[in-house]
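Each remark here refers to the structure printed beneath this line.
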4 protein chains.
Amino acid sequence: MGTKKRRAQEKQIRLNQILDAARKLLFSDGIGNISISKIARQAELGVGTIYFYFKNKEEIFVALQEEGLALFYDIITKINQTPLACDEKLKQIGTAFYQFSQEYKDYYDIINYFLSSSKEFFEPQLKNKIDMSGSKILSLIENVIVRGIEDKTFHKEDAKKYAILFFGALHGMIQLKKLERTALGGANHKRLYEYSINKLVQGLIP
Amino acid sequence: MGTKKRRAQEKQIRLNQILDAARKLLFSDGIGNISISKIARQAELGVGTIYFYFKNKEEIFVALQEEGLALFYDIITKINQTPLACDEKLKQIGTAFYQFSQEYKDYYDIINYFLSSSKEFFEPQLKNKIDMSGSKILSLIENVIVRGIEDKTFHKEDAKKYAILFFGALHGMIQLKKLERTALGGANHKRLYEYSINKLVQGLIP
Amino acid sequence: MGTKKRRAQEKQIRLNQILDAARKLLFSDGIGNISISKIARQAELGVGTIYFYFKNKEEIFVALQEEGLALFYDIITKINQTPLACDEKLKQIGTAFYQFSQEYKDYYDIINYFLSSSKEFFEPQLKNKIDMSGSKILSLIENVIVRGIEDKTFHKEDAKKYAILFFGALHGMIQLKKLERTALGGANHKRLYEYSINKLVQGLIP
Amino acid sequence: MGTKKRRAQEKQIRLNQILDAARKLLFSDGIGNISISKIARQAELGVGTIYFYFKNKEEIFVALQEEGLALFYDIITKINQTPLACDEKLKQIGTAFYQFSQEYKDYYDIINYFLSSSKEFFEPQLKNKIDMSGSKILSLIENVIVRGIEDKTFHKEDAKKYAILFFGALHGMIQLKKLERTALGGANHKRLYEYSINKLVQGLIP
DNA sequence: CATGAATGAGCATTCATTCAT
DNA sequence: TATGAATGAATGCTCATTCAT
């Protein structure tokens with residue numbers, strides 16, 4: 001059985017090797033400039049090897065997206081573990097989302113890549129897997145809201161739905177960043193975003 | 001001087017010819033599969049001719065995006081002209097946005113293309129032009145809110161900011177469509193969207 | 001006859017207009033980036049108009065080349081008019097050639113363009129015209145040498161041939177500029193060039 | 001390990017296949033008319049394959065240039081190995097250069113292509129590699145001069161510098177070929193070239 | 001398991017030149 | 001004279017994927 005185990009480990013090592021390379025390229029060249037052969041070169045592996053571990057270029061992207069989501073999940077988990085009041089937690093989660101989109105721009109890009117693409121990607125199972133990463137995030141937010149309802153910080157509300165609205169709305173607001181200097185009429189985007197957080201949290205307060 | 005005029009008309013005709021071709025391809029092949037040579041073939045023109053009328057592939061996309069924005073603007077203008085109450089208007093605008101994203105999926109895609117791309121597109125002037133189309137939409141929404149505040153349907157609020165939040169949030173919600181069967185936990189996306197509209201309008205009601 | 005004259009003048013004006021534009025582009029964008037339509041745009045004329053005045057893109061280049069040659073001729077004419085000794089004159093002409101290739105890099109490029117191209121350009125008459133500009137330069141150098149021979153600064157020599165050698169050799173030396181940091185083994189190119197001038201002049205001294 | 005070796009050999013074969021095609025095109029169509037797709041077609045390979053073996057179009061040109069330089073180096077090496085006197089050797093090298101520029105016109109063109117282009121080509125390492133081929137040639141000439149100085153055929157002189165002058169000057173003289181029937185005033189170019197060789201060698205003789 | 005050579009359609013863009021008006 | 005619309009071949013280059021070894 002030791003062999004089997006070792007095999008599995010080696011497989012994992014290769015997998016990481018590839019993802020390390022892909023991540024590096026993601027952060028150095030941006031999502032639009034990643035190619036399989038670049039990844040192969042960076043990982044010091046053959047192109048074919050990449051295809052042995054990943055069916056697709058997209059599958060690699062998915063893995064990176066999951067990394068990004070996991071990272072964001074970690075961030076908001078920390079917020080959730082603080083002894084802050086629920087409304088405050090929610091605000092901090094919102095702010096963290098913005099920061100994440102700026103600091104980990106490339107992770108955000110790759111998440112956005114899947115979200116905004118009009119194509120339907122991957123087979124259901126794969127899709128499931130990814131979305132579950134998103135689910136965890138939504139669940140956490142939902143949880144904060146539930147707690148808030150429980151301790152009367154928030155009024156009664158469909159926590160799940162509101163969590164989705166909260167996340168979706170802020171995601172949409174981030175997208176408007178580009179318009180800062182034009183359609184937004186010069187309004188400071190960051191400020192606008194904070195305004196949005198506040199409104200969304202207010203919407204929960206009795 | 002008739003010649004001059006006719007020339008200008010002919011030029012306009014060609015321009016439309018090209019945009020017709022591009023639009024057709026947009027709707028048939030999707031934004032990711034439009035290439036200049038395809039457009040040329042579709043328009044029965046030489047590749048060079050396309051470049052005579054448009055500096056860029058992107059410039060064509062911009063034109064199409066403007067079409068989409070104009071179309072959406074028309075739709076919500078009609079809503080605005082009804083004698084509905086402001087809150088109701090706002091809701092209908094929200095719903096119209098959703099419908100637009102479904103019925104004119106490709107126009108929505110192209111708008112999304114510019115919005116979600118991490119690249120900074122086009123020179124400032126061009127950018128301005130496009131964003132101004134967006135501005136009109138935001139202004140209209142803002143206007144509805146202002147009226148609502150005036151007639152006490154809505155409480156006092158920074159109408160401009162709220163308009164942006166309204167639009168941005170709904171835009172973000174539309175993006176989540178993909179997650180319908182997974183991260184959203186089976187929640188019906190359309191219903192979720194309507195829920196969001198309601199919450200956003202409620203946020204304005206005293 | 002006034003009409004005829006005026007016509008001719010107008011033609012000259014247009015011609016200059018075009019050359020002005022071309023020259024401007026030569027100096028701003030470099031010889032490799034001049035296109036007829038760019039020239040047309042710069043000159044605020046139609047593309048067709050350019051073709052009315054010049055049969056060819058190359059014909060425009062020829063005109064610019066002549067300008068360059070004329071300019072260089074002016075420079076060395078001034079040197080020739082000084083009361084310097086012939087050997088000194090020759091040296092200064094050599095130095096001036098180098099300076100010309102650096103300061104009027106683009107003129108030099110265009111001269112080089114014709115000289116180093118393996119293609120045979122233009123019909124004989126045109127060719128003649130251009131080369132005559134070169135002839136004048138060679139004649140001037142020849143003249144300096146002749147004077148030098150007359151006043152015994154130089155020993156007897158085929159002045160014409162030596163003039164060509166002088167010019168050709170220095171032209172060749174300028175070409176080696178690129179190799180400064182490699183094949184030339186770090187030898188300073190400018191110094192090398194001056195060394196060459198000296199050797200070439202010494203070759204004339206008894 | 002035989003496999004590895006064979007692989008390498010096959011790779012070399014492909015490389016030659018490509019260079020053969022490129023050389024053929026160079027000689028048939030001239031340097032200005034070589035395109036990657038032409039090379040691919042000629043070599044009966046896919047375009048991508050070319051790019052697998054050469055990063056660049058320029059890299060192929062460089063390879064061809066090196067071929068040319070190596071060929072010329074071989075020629076003058078043979079001259080150097082004869083028991084001729086140094087001055088005679090130098091003259092023969094000069095003559096060989098002329099012959100090379102005529103017989104291997106296309107190789108000469110490609111060398112000229114890099115030398116006369118105003119663009120700075122390739123990354124330093126590549127540049128180094130090429131120029132070293134030139135260096136070898138210059139070194140050989142230098143060597144002949146050094147020997148001449150040693151055996152008193154030549155007077156004392158900076159051999160390195162003079163070698164460069166010798167080569168550069170003759171290179172420049174070759175460029176003037178075009179002017180044979182015009183600016184050179186009908187002087188026979190070949191004769192002129194030989195005159196130049198003589199003068200340059202005389203410059204070394206006490 | 002791993003390799004890496006091979007593919008070839010595809011891409012955006014440029015440009016000299018022509019010609020009907 | 002002057003225009004400028006139209007052309008379309010040509011260019012260098014990329015890249016996901018396959019498959020024989």
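What you are looking at is a predicted structure, and each value in this text was computed from that prediction instead of being measured. Here is the naming used below: chain letters follow the sequence lines, and residue numbers restart at 1 for every chain.
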Quiz item: Taking it one step at a time, do C/N56 and C/Y51 satisfy side-chain contact (heavy atoms from CB on, under 4.5 Å)?
Solution: CA-CA 7 Å; C/N56 245 335; C/Y51 276 91; 5.5 Å; no
Self-check item: Pair A/E58, A/Y113: side-chain N/O donor-acceptor within cut-off below 3.5 Å
Solution: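 On atom types as modelled, these side chains qualify, holding a pair under 3.5 Å.
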Exercise. Could you tell me whether the side chains of C/Q175 and C/N112 share a donor-acceptor contact shorter than 3.5 Å?
Key: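 A pair is found: one side chain offers a donor N or O, the other an acceptor, under 3.5 Å apart.
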Quiz prompt | Watson-Crick or G-U stems of DNA chain E, 3 or more pairs, under 3.5 Å, by first number | solution =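 The stems that DNA chain E takes part in, listed by first number, are E:2-21 with F:2-21.
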Practice problem: With sequence neighbours left out, write down each residue that passes ring pair (Phe, Tyr, Trp, His ring centres under 6.0 Å) with B/Y53, or none if nothing qualifies. | Solution: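 In terms of ring pair (Phe, Tyr, Trp, His ring centres under 6.0 Å), with neighbours along the sequence ignored, B/Y53 is linked to no residue.
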Quiz item: Which pair of non-hydrogen atoms, one from D/V47 and one from D/I36, has the smallest distance, and what is that distance?
Solution: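 Shortest heavy-atom separation between D/V47 and D/I36 comes out as CG1-CG2, 3.6 Å.
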Exercise. Please step through side-chain contact (heavy atoms from CB on, under 4.5 Å) for the pair B/F54 and B/V62, ending with a clear verdict.
Key: CA-CA 10 Å; B/F54 293 90; B/V62 166; over 6 Å; no
Quiz item: Is B/R14 near enough to F/dA6 that one of its side-chain N or O atoms lies under 4.0 angstrom from OP1 or OP2?
Solution: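 Yes, because at least one side-chain N or O of B/R14 sits under 4.0 Å from OP1 or OP2 of F/dA6.
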Quiz item: Just to confirm, is there a sub-4.0 Å distance from OP1 or OP2 of F/dA2 to any side-chain nitrogen or oxygen of C/Y53?
Solution: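 So the side chain of C/Y53 is within the cut-off, an N or O lying under 4.0 Å from OP1 or OP2 of F/dA2.
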Quiz item: If you pin D/R41 and C/F52 to their nearest nucleotides in DNA chain F, which one's is more 5'?
Solution: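 Nearer the 5' end of the strand: C/F52.
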Quiz item: Could B/K38 and B/D29 be called an ion pair, given the rule that one side-chain N must be under 4.0 Å from one carboxylate O?
Solution: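 Looking at B/D29 together with B/K38, the answer is yes, because their closest N to O distance falls below 4.0 Å.
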Exercise. May I ask you to decide whether D/D109 forms a salt bridge with D/K105, counting only side-chain N to carboxylate O separations under 4.0 Å?
Key: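 So D/D109 pairs with D/K105 through a salt bridge.
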How long is the line joining [atom1] of [X] and [atom2] of [N], in whole Å?
| X | N | atom1 | atom2 | answer |
| --- | --- | --- | --- | --- |
| A/E44 | E/dT3 | CD | P | 11 Å |
| A/F54 | E/dA2 | CZ | P | 13 Å |
| A/I50 | E/dG4 | CD1 | C1' | 12 Å |
| A/L45 | E/dG4 | CG | C1' | 12 Å |
| D/I39 | F/dA10 | CD1 | C1' | 14 Å |

Quiz item: Do the side chain of B/S28 and the main chain of B/K24 share a donor and acceptor less than 3.5 angstrom apart?
Solution: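 Yes, the answer is positive, given that a donor and an acceptor are paired below the 3.5 Å cut-off.
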Exercise. Spell out protein contact along nucleotides 12-18 of chain E as letters: B when the base is contacted, S when just the sugar-phosphate is, - when no protein heavy atom is under 4.0 Å; keep the 5' to 3' order.
Key: SBBBSBB
Exercise. Check side chain to side chain donor-acceptor pair (under 3.5 Å) between B/S37 and all other residues, then give those that pass, not counting sequence neighbours.
Key: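 For B/S37, the residues satisfying side chain to side chain donor-acceptor pair (under 3.5 Å) (neighbours in sequence not counted) are B/S35.
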Self-check item: Set of side chain to side chain donor-acceptor pair (under 3.5 Å) partners for B/Q17, sequence neighbours left out
Solution: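 B/Q17: side chain to side chain donor-acceptor pair (under 3.5 Å) contacts with B/R14.
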Self-check item: Of residues 17-28 of chain B, the positions that come close to DNA chain F - non-hydrogen atoms, cut-off under 4.0 Å
Solution: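 Of all residues in residues 17-28 of chain B, none places a heavy atom under 4.0 Å from DNA chain F.
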